[in-house]
Structures are given as C-alpha cells and as structure tokens.
Enquirer: 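Quick one: structure below, then a few questions.
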2 protein chains.
Amino acid sequence: MPDPTLDPAPDPRHDVRPTLEAVAARAGVSRATVSRVVNGGAGVRQPLVDQVRKAVDELGYVPNHAARTLVTRRNGAVAVIIDEPEFRIFSDPFFSRQIRGISRELNAHDAQLVLLLVEGRGDFDRVTRYLAGGHVDGVLAFSLHTDDELPAVISRFRVPTVYGGRPERTGAEGGAGTPPVPYVDCDNRGGAREAVRHLVALGRRRIAHIAGPRDQTSALDRIDGYRDVLPDAGPEMTVEGDFTAEGGARAAEELLDRCPGVDAVFVANDLMASGVLRVLRERGLRVPEDVAVVGFDDMASVAESTDPPLTTVRQDVEGMGRLMVRLLMERLDSGAGQWPASVVTPTELILRDSA
Amino acid sequence: MPDPTLDPAPDPRHDVRPTLEAVAARAGVSRATVSRVVNGGAGVRQPLVDQVRKAVDELGYVPNHAARTLVTRRNGAVAVIIDEPEFRIFSDPFFSRQIRGISRELNAHDAQLVLLLVEGRGDFDRVTRYLAGGHVDGVLAFSLHTDDELPAVISRFRVPTVYGGRPERTGAEGGAGTPPVPYVDCDNRGGAREAVRHLVALGRRRIAHIAGPRDQTSALDRIDGYRDVLPDAGPEMTVEGDFTAEGGARAAEELLDRCPGVDAVFVANDLMASGVLRVLRERGLRVPEDVAVVGFDDMASVAESTDPPLTTVRQDVEGMGRLMVRLLMERLDSGAGQWPASVVTPTELILRDSA
DNA sequence: GTGAAAGCGCTAACAG
DNA sequence: CTGTTAGCGCTTTCAC
C-alpha cells in the first residue's frame with residue numbers, strides 16, 4: 001500500500017484505459033467475444049457484434065498492443081535500417097523519398113515503421129541487439145556497402161528481410177544453406193547504358209564517366225553499363241567520386257586535367273553532376289555545347305535547378321520503397337516458407353538541357 | 001577484422017528464444033533474481049550476479065520487450081510525427097538532418113524511433129488511434145501548420161510531447177488547464193534581423209523579402225525579423241513563396257516585375273533562394289553586384305552549390321533534434337510533474353558570395 | 001538478499 | 001456460436 005502522505009504525482013501513462021474486460025462487462029458478453037469482434041468479428045452473431053461495437057465506442061477502447069504481441073508473437077512493426085555515413089543522408093533527398101514510399105505502404109498494411117540509423121560499430125551492436133530481441137516482424141535494409149556486416153547479422157537471426165539496392169552477395173552466389181536475399185533495385189546498368197547511348201547518339205566521341213564509390217553495387221553497376229556501351233574507353237576516362245556535389249567537382253577537376261578533350265560526361269548521380277556543372281562553368285566550358293552532361297537519379301531538387309537543367313536517368317525511388325514493403329509482407333504472410341523474388345525496376349532517361 | 005563480441009553464437013535453436021525461466025534454471029536461481037540482475041542487479045549479491053550474467057551470455061538471452069511493456073507500461077519508444085505535404089519532404093534535406101539528430105540522442109537514451117508520416121485526414125485518424133493505443137512513451141511533433149489539429153489530439157491523450165518549431169498556440173497563450181507546450185526552435189526572428197541588418201550594412205536601400213507560407217510560424221517569425229529592421233518597407237516589398245525552389249523563382253518574378261529597383265532580397269529559406277538566383281541570372285542581373293541575396297537554413301547541399309554560393313543564416317538542425325529528445329526525456333523521467341521549458345537556439349550568419 | 005506468487009491485457013484452444 | 005480456461009514473459013509486492 002503506497003503511503004498516501006507522499007502524494008505521488010499522477011502519471012498519465014497509468015491512466016485507466018479500458019480493457020477487454022471492461023468492454024465485455026459493459027456489453028454483457030465474455031472477453032473472448034469482445035476479442036473476436038475487435039479482430040474482425042468473424043463467427044459472432046450480428047446483434048452481439050453491434051452490442052460490443054457500441055461498448056467499444058462508448059468506452060473508447062483501444063487494444064493494448066503489448067499484450068497482443070505477447071501472445072501472437074507479432075508486433076506489427078518493421079525496422080528500416082539505414083547504414084550510411086553521415087554526409088550522404090545529410091544531403092541526399094533519396095532517403096526521404098524512399099522512406100516516404102515505405103511509410104505509405106506500411107500504413108496500408110497497418111504496420112509501424114521503426115527507424116534504425118546506423119553510423120558505426122557501436123550502433124551496429126545496438127541494432128544487433130534490437131534484432132535479436134525480436135522486436136520487429138521484418139527488416140528493410142539500405143545502403144549496404146560491400147564490406148557490410150549487417151547481412152550476416154540479419155541472416156544469423158533469421159529476421160525476414162528485404163534489401164534496398166542489390167547487396168554484394170546475391171542469393172545465387174550464397175553458400176549452401178544460405179537463403180536467397182530478396183532485394184529491390186532499379187536497373188542501374190540498363191539506365192547507365194541508356195544514358196551513354198544517348199551521348200553517343202548526340203555524336204559525342206570522348207565520353208567520360210564519373211563513378212560513385214566502388215563499395216556500392218549501384219556505382220559498380222553503373223560503371224558496367226558505361227562499359228557495355230564503351231568497351232574501349234580507357235581507364236583514364238573513369239574517375240571515382242563519392243556521390244556528393246563536392247566530390248563530383250573534385251572528380252571533374254581531375255578528369256579535365258587528365259583528359260582536356262572530353263566532350264561528354266556520364267555522372268553516376270545528380271548531386272555529383274551539379275558539382276561537375278559548376279567546375280565546367282568555372283573553366284569556361286559551355287554545357288552542352290562543349291561538354292554534354294548526363295546524371296542519374298532525377299532528384300528534382302537538384303536536376304531541375306542546376307544551370308542548365310540536368311538530363312538524367314530517373315529511377316522511381318518511392319515506388320521502390322513501396323515494393324520493398326510489399327515483398328516483405330508477402331514473405332511475412334506466407335509463413336516462413338516462401339522467399340519472394342527480387343525485383344529490378346526500370347529507369348527512364350529524362351531529357352533536359354545538359355545533354 | 002571480425003569483432004569477437006558479435007560471435008557468441010547463441011543457442012542453436014534460434015526459433016526458441018530463451019526466457020527468464022531458462023536463465024533462472026541454468027543459473028540455479030529464481031526468475032525474480034534474474035530479473036533483478038537484468039535490470040541493473042541492484043540488491044543482489046555479487047556471486048549470484050555473476051552466475052546470472054554468465055547464464056545470460058551462454059543462452060544469448062534477450063528480454064522480451066512486449067512482456068516487459070505489459071507490466072511496466074513503458075515501451076521505450078518515441079514517435080516522431082511529421083505532418084508535411086509531400087512536396088517538401090521530397091526535396092528538403094531539413095528532415096533528414098533533424099531526424100539524424102533525434103536518432104542519435106534517442107540511441108543514447110536507449111529508445112526506439114517510430115516514424116509517423118502524416119499526409120492527410122486518413123493518416124491523421126491512424127495516428128490518433130496509434131497515440132490513443134499508448135504505444136509510445138512520448139511524441140516529437142514537427143511541421144505544424146497553424147490550422148493543424150494534431151496538438152489538440154495530442155493534448156487530449158496526454159502524451160508527453162515536444163514540438164519542433166514553435167506551434168501557433170504557445171503555453172502562455174493557452175487557456176486555463178492547458179499545459180504549456182514545450183518546443184525547440186531556432187531564433188527565426190533574430191536570424192532574420194541579422195540577415196537584413198547585413199544587407200543594410202552593405203549599403204542596400206531597397207531590400208525585399210521573399211517569405212515562406214504564412215501558415216508556418218517560422219515563416220511568420222522571419223517576416224517579423226525583416227520588419228523589425230525595416231519597419232517602413234512597403235507591403236509590395238514582401239512576396240510569399242512556398243519554401244520550394246520553384247516557388248522562390250515564381251516569387252522572384254513577381255517581385256522583380258513589381259519593384260524593378262530592388263537591390264537586395266532576404267529569402268526565407270535556401271531552397272527558395274536557389275530559385276531566386278536562377279531568375280536573377282535569367283534576367284541578366286548580377287549577384288551580388290546588382291542584387292544581393294541572403295537565404296536561411298544553410299542547407300549545405302543547396303547553399304554551397306548555388307552560383308554564386310549563398311550567404312545565409314545557419315540554424316543547427318541536428319542540434320535542435322537532439323535537444324528535443326533531451327527535453328522529452330527530461331519530462332518522462334520527472335514523472336508527469338515537470339514540463340520542460342521551451343528552447344530557442346541561436347542562429348549564425350554565414351557569409352559567402354551572394355551578399 | 002532471495003524466492004513464491006500474483007497478475008499486466010490479450011488470444012486461442014477447448015468445452016458447452 | 002459463445003464462454004471458460006490457460007497461459008504469453010516479465011516485474012513486483014510480499015513473505016521468508
């Protein structure tokens with residue numbers, strides 16, 4: 001018995017929220033019946049359903065999630081894990097859009113989005129513990145780098161997962177007993193091919209590529225696309241950037257110093273392309289007259305506001321986010337048996353003024 | 001190099017997660033003792049503590065969150081509610097940064113981040129139900145507009161909340177019985193003053209303002225700051241934009257048509273300022289020679305890559321996110337009694353080339 | 001200091 | 001169809 005003289009501050013969390021019991025009493029039925037009604041009302045006679053619904057409304061009953069999870073072993077939540085160094089998430093609208101798509105689709109499935117941002121080893125352990133705790137039904141994992149340990153952890157805890165972007169080890173390459181790894185990615189290689197072919201069709205002869213960091217499969221795939229069309233381009237025609245505007249500018253400087261005769265550049269993302277345009281302008285080179293530029297992503301905030309507006313390869317980021325959720329839900333609903341297939345979404349070349 | 005701490009390959013039977021009971025059996029103690037150890041180990045003799053810890057490690061025990069929540073009524077999760085029409089979150093790095101700060105601080109407090117994106121009435125009901133369900137210990141709410149209903153819902157369910165950005169109705173204005181509304185915001189008005197004073201010091205005489213949407217307090221506060229310095233500026237010198245680059249461009253067109261003699265513009269955010277710069281360039285006006293431009297936010301991806309780089313008012317977005325979490329945690333730890341005070345963080349004028 | 005026992009609110013057999 | 005009865009895994013008095 002608490003000492004009344006202490007007069008403990010009332011805690012709002014302990015507000016008496018009505019329970020199933022209360023609703024049952026009010027409706028004059030058993031807890032089980034109320035439970036059935038709350039969960040869809042299948043197999044309950046209509047008059048009773050109405051009685052219960054009425055009681056629920058009058059009491060403002062809302063099921064206790066923790067109690068439900070405890071018995072069903074389902075928590076109605078999905079973790080989104082983004083493992084990305086600070087500089088990118090700070091400046092890249094990519095994640096906002098992807099998350100928007102995920103959020104929408106998750107809402108449609110009545111599931112919650114738990115956001116896990118990973119920045120280093122410490123965070124990594126924390127996420128590991130979280131997954132081990134089985135707090136989420138599934139995982140959507142992003143921005144994996146080729147040296148990432150996350151897939152290992154995820155597969156160790158057998159948490160149903162869908163990756164955003166092709167992970168380094170695909171199912172086909174996995175060792176024995178390794179389940180396939182479902183992912184959603186855009187057709188990076190095909191999109192890159194289309195971009196470079198466009199440059200070729202424009203009559204450009206010395207087409208360079210400013211690539212993304214080689215520890216990301218999207219960057220590698222775009223390089224492959226470039227090489228598909230230009231198998232004979234020398235290695236000096238490809239410079240590696242870091243997907244930031246500043247990195248793009250640095251890469252452009254290096255490229256122009258190295259190959260002054262370049263008349264076109266396929267840049268692996270729009271952010272870098274904006275840096276490239278800046279350098280080109282500083283050097284007095286006209287775009288697209290002297291040098292044509294094509295980006296990748298079609299990040300509206302960047303591509304539409306550069307000078308000149310950027311011709312670029314569009315990928316449907318939001319759609320990819322939604323697709324990831326659908327694949328995961330498919331997996332969850334199928335019991336643990338079925339692994340959904342990966343999906344590669346098409347890209348589209350958007351013509352503006354830079355090429 | 002693999003980290004050995006990740007290695008303690010736990011019980012091979014992954015599907016059966018060990019419970020307190022199992023740990024107790026293994027350590028030769030009661031469930032209660034294990035519980036005490038797991039929760040800090042206060043009041044348990046050292047040898048027993050060690051035994052239990054050992055058993056926990058060997059079994060790879062991780063507490064079941066749902067069970068714990070059920071009895072403690074604490075879920076160790078905080079909801080971040082962002083109520084923003086799609087166009088902004090799609091193009092504004094602001095949210096990414098704010099969320100990064102929140103995520104970091106939440107991690108430090110061992111709490112989870114549940115992201116709730118609100119886009120319309122339907123979503124609104126869903127969020128309401130979620131909060132009513134008491135699934136989170138607290139709420140961090142963003143991007144409130146003056147006509148927003150969220151504060152009403154939040155206050156109805158008494159969920160501890162901290163707002164990002166000053167809500168329309170502050171505690172001081174609230175009616176009787178309405179608790180004060182703690183928020184974290186930057187000094188919008190002071191920052192705007194500093195920006196405009198800088199323009200004045202530059203010798204500019206016809207200083208215009210391109211404002212944000214009037215249903216957001218940050219936009220209103222920046223207008224106030226502009227007027228503080230220039231109380232005699234005519235109403236034609238202020239044009240309302242929508243915080244997007246495109247909207248900034250439109251506003252600039254309107255402004256230049258209306259007041260051709262303008263020699264400086266204080267723009268309410270960097271995104272709009274980038275649109276303004278584009279229009280200025282298109283009209284053959286040099287920046288800063290003919291027209292000086294100052295933005296607001298110091299969004300690196302925008303301000304550093306415009307031509308010329310943008311002089312702007314910096315606000316510490318990540319720091320504000322962290323601060324919000326700290327205020328909320330303070331509130332949570334203090335029982336229900338204390339309401340933390342709001343915090344207004346300082347801004348800083350960053351000089352680049354546009355003014 | 002430690003253990004036994006009573007639930008937290010809900011679902012899911014199993015009876016009736 | 002509906003009610004009864006067990007727990008889900010954990011914390012928390014309350015005895016010892």
Side-chain angles (χ1 to χ4, degrees), chain A residues 1-3 6 8 11 13-53 55-56 59-77 132-135 137, chain B residues 11 13 15-53 55-56 59-77 132-135 137:
Chain A
M1 194 66 93
D3 184 348
L6 286 180
D11 187 333
R13 281 186 307 252
H14 286 215
D15 269 357
V16 272
R17 291 224 322 252
T19 70
L20 260 197
E21 186 80 53
V23 178
R26 176 147 196 143
V29 298
S30 73
R31 287 202 326 252
T33 298
V34 178
S35 177
R36 287 176 189 120
V37 172
V38 169
N39 291 292
V44 180
R45 241 181 301 227
Q46 195 54 44
L48 271 197
V49 171
D50 294 340
Q51 271 177 61
V52 172
R53 291 250 161 84
V56 164
L59 262 34
Y61 169 76
V62 179
N64 179 311
H65 192 74
R68 183 177 275 177
T69 295
L70 188 55
V71 39
T72 62
R73 269 98 208 307
R74 269 228 172 206
N75 20 34
H135 300 351
D137 297 329
Chain B
D11 194 295
R13 297 154 303 171
D15 8 280
V16 186
R17 288 208 297 142
T19 69
L20 260 198
E21 187 79 54
V23 177
R26 176 147 196 141
V29 297
S30 72
R31 290 206 316 260
T33 299
V34 177
S35 177
R36 288 175 188 122
V37 172
V38 169
N39 292 292
V44 180
R45 243 181 299 227
Q46 196 54 45
L48 271 197
V49 171
D50 294 339
Q51 273 176 61
V52 172
R53 291 251 160 84
V56 164
L59 263 32
Y61 169 76
V62 179
N64 178 312
H65 193 76
R68 182 178 276 178
T69 296
L70 188 54
V71 37
T72 61
R73 269 99 207 303
R74 270 227 173 208
N75 20 33
H135 300 351
D137 296 330

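Side chains included, hydrogens not; waters and symmetry mates left out as well; all remaining heavy atoms used. Protein chains get the first letters and strands the later ones, always in sequence-line order, with residue 1 at the start of each.
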Enquirer: Between D:dT4, C:dG9, C:dA4, which nucleotide gets closest to the side-chain atoms of B:Leu70?
Expert: C:dG9
Enquirer: Between B:Thr33 and C:dG3, is there a side-chain N or O to OP1/OP2 distance below 4.0 Å?
Expert: yes
Enquirer: Side chain of A:Leu48 only, please: which of D:dT2, D:dG9, D:dC8 is the nearest?
Expert: D:dT2
Enquirer: Applying side-chain contact (heavy atoms from CB on, under 4.5 Å) to B:Leu70 and A:His65, what does each step give before you reach the verdict?
Expert: CA-CA 9 Å; B:Leu70 188 54; A:His65 192 74; over 6 Å; no
Enquirer: Distance check needed: D:dG9 C1' versus B:Arg74 CZ, whole Å only.
Expert: 20 Å
Enquirer: May I have the distance from B:Asn39 (atom CG) to C:dG1 (atom P), rounded to whole angstrom?
Expert: 17 Å
Enquirer: Whole-Å distance between C:dG9 C1' and A:Asn64 CG?
Expert: 6 Å
Enquirer: Does A:Arg73 place a side-chain N or O at less than 4.0 Å from the phosphate oxygens OP1/OP2 of D:dG9?
Expert: yes
Enquirer: Round to the nearest Å and state the distance from A:Leu20 atom CG to C:dA12 atom P.
Expert: 12 Å
Enquirer: Could you check how far CZ of B:Arg68 sits from C1' of C:dG7, rounded to whole Å?
Expert: 17 Å
Enquirer: So does B:Arg45 get a side-chain nitrogen or oxygen closer than 4.0 Å to the phosphate oxygens (OP1/OP2) of C:dT2?
Expert: yes
Enquirer: In whole angstrom, give the distance that lies between atom CZ of B:Arg31 and atom C1' of D:dT11.
Expert: 10 Å
Enquirer: With side-chain contact (heavy atoms from CB on, under 4.5 Å) as the criterion, how do A:Arg68 and A:Val38 come out once you've worked through the C-alpha distance, each side chain's angles and the decisive distance to 0.1 Å?
Expert: CA-CA 12 Å; A:Arg68 183 177 275 177; A:Val38 169; 3.6 Å; yes
Enquirer: Is the phosphate of D:dG9, meaning OP1 or OP2, less than 4.0 Å from a side-chain N or O of B:Thr19?
Expert: no
Enquirer: Can you check side-chain contact (heavy atoms from CB on, under 4.5 Å) on A:Leu59 and A:Arg26, steps first, answer last?
Expert: CA-CA 9 Å; A:Leu59 262 34; A:Arg26 176 147 196 143; 3.4 Å; yes
Enquirer: Mind checking if A:Val29 touches a base, just sugar-phosphate, or nothing, with heavy atoms under 4.0 Å?
Expert: sugar-phosphate
Enquirer: Quick check: does any side chain N or O of A:Asp137 sit under 3.5 Å from a backbone N or O of A:Gly76, one acting as donor and the other as acceptor?
Expert: yes
Enquirer: Whole-Å distance between C:dA12 P and A:Arg36 CZ?
Expert: 10 Å
Enquirer: Rounded to whole Å, please give me the gap between CD in B:Glu21 and C1' in D:dG7.
Expert: 13 Å
Enquirer: What I want to check is whether an N or O donor and acceptor connect the side chain of A:Arg17 with the base of C:dG9 at under 3.5 Å.
Expert: no
Enquirer: Is A:Ser35 near enough to C:dT11 that one of its side-chain N or O atoms lies under 4.0 angstrom from OP1 or OP2?
Expert: yes
Enquirer: State which residue, out of A:Val23, A:Val34, A:Val44, fulfils the side-chain contact (heavy atoms from CB on, under 4.5 Å) condition with A:Val29.
Expert: A:Val34
